[in-house]
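Here is the structure we will look at.
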There are 2 protein chains.
Amino acid sequence: MLPVPGLDYGLLDGLLGYALRRAQNALYLDFYRATAEWDISPPRFAALVLIARNPGLRQGLLGQAMGLHRSGALRLTDWLNAQGWVERRDAPDDARSWGLHLTPAGKRLLAKLEAAVAEHDRALVRALGDQGPALQTALERLARVATAAPIN
Amino acid sequence: MLPVPGLDYGLLDGLLGYALRRAQNALYLDFYRATAEWDISPPRFAALVLIARNPGLRQGLLGQAMGLHRSGALRLTDWLNAQGWVERRDAPDDARSWGLHLTPAGKRLLAKLEAAVAEHDRALVRALGDQGPALQTALERLARVATAAPIN
DNA sequence: TATTGTTATACTCTATAACTATA
DNA sequence: TATAGTTATAGAGTATAACAATA
């Protein structure tokens, strides 16, 4: 998605939103390179981390954290479960809910994934030099600002 | 996708890639709010701008600019054509190719869209205050760095 | 032989709506 | 009556593979 020489991008060139889109596209490609040996994606990775750090997490809360509808959290959980990485156990306090947990295989996988993803991210921040930390701060601010203050 | 209080995000909290994802998610929602009266999306909007600024643009080059496969550029063009916003004309120099052009209706639509999107983007930059311009520069750098230097 | 666009197909991500079981 | 999860379905976005026409 890098700029094609000779093409006029008009308004797009000045838009913060378009710069963000380009950056995210590039990072997606990088993420897939860094995790090529597993059948993983950014949402799948995020779900594994969240379940690992919050054992017994309910499906609905996983969806909320990831900005997904209930049905999306269901499909994601189904897939992770089919891979043998996540299991559903009865939630102790609510018979309607599941508590999600990593399986031993899921924990082993996540350890490798986290190492690969963290290294990948550190290399990016290094490549950005002194702009790296400021970028992260500004992005977090942007996420809050955009969500909190719908413009139109 | 904002942080859920009480939830442990582990590694995710420190990742540049995750901050980027949160920011993009928020901007997507904002984009849809800003363009709610038309059935538009960021890729559709970008395609309209590119075709408007580069009349006679071939489908393949549109795909390249947007990071799409040929078949994706085809579907996108089909859709814009079905809305009556884009038309395919024979390319003068290559009988295999189409030259893409906006219709009068497409031009009228784009004028309104550009106004809405530009206003939305300006409001975002304003909300970021003095971090705004630096963020855009850093994002453009990030897109180049990530694409140019695959990490793993 | 390579390229442009097309067709057919499929998978991921995500949503809506209607449903069941439980609170 | 509201909530958690499920089922069925659909649509956007994107890909691969095989194909026709043209270069």
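Chain identifiers are assigned alphabetically (A, B, ...) following the order of the sequence lines, protein sequences preceding nucleic acid strands; residue numbering begins at 1 within each chain.
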Euclidean distance, atom CZ of residue B/Arg96 to atom P of D/dT22 [Å, nearest integer]: 10 Å
Rounded interatomic separation in angstrom, taking CG from B/Leu68 and C1' from C/dT6: 16 Å
Interatomic distance, A/Lys107 atom NZ to A/Leu48 atom CG [nearest 0.5 angstrom]: 12.5 Å
Salt bridge present between A/Asp39 and A/Arg44 (N-O < 4.0 angstrom): yes
Euclidean distance, atom OH of residue A/Tyr28 to atom P of D/dG13 [Å, nearest integer]: 14 Å
Atom-to-atom span, CD of A/Gln24 to P of D/dT14 - whole angstrom: 12 Å
Side-chain touch A/Leu50/A/Met66, heavy atoms, less than 4.5 angstrom: yes
Length of the CG-P vector between B/Asp93 and D/dT22, whole Å: 15 Å
Which nucleotide in D/dT22, C/dT14, C/dG5 has an atom nearest any side-chain atom of B/Arg21: C/dT14
Gap separating the CG atom of A/Leu76 from the CG atom of A/Leu62, nearest 0.5 angstrom: 6.0 Å
Neighbours of DNA chain D within residues 69-85 of chain B, by heavy-atom distance under 4.0 Å: B/His69, B/Arg70, B/Ser71, B/Arg75
Integer-rounded Å distance: D/dA15 P and B/Gln64 CD: 13 Å
Presence of A/Arg88 side-chain N/O under 4.0 Å of D/dT6 phosphate oxygens OP1/OP2: yes
Between C/dA15 (P) and A/Met66 (CE): distance, integer Å: 11 Å
Between A/Gln131 and B/Arg141: side-chain donor-acceptor atoms closer than 3.5 Å: yes
Nucleic acid contacts - residues 36-58 of chain A versus DNA chain D, non-hydrogen atoms under 4.0 Å: A/Arg58
Gap between atoms CG and P, on A/Asp94 and C/dT20 respectively (whole Å): 19 Å
Residue met sooner reading DNA chain C from 5', once B/Trp98 and A/Tyr32 are mapped to nucleotides: B/Trp98
Ring centre gap for A/Trp38 and A/Trp85 strictly below 6.0 Å: no
Quiz item: cation-pi between A/Arg21 and B/Phe45, 6.0 Å / 45°: no
Ring geometry between A/Tyr18 and A/Tyr9 (parallel below 30°, tilted from 30 to 60°, perpendicular above 60°): tilted
Salt bridge flag under 4.0 Å for residues A/Glu87 and A/Arg89: yes
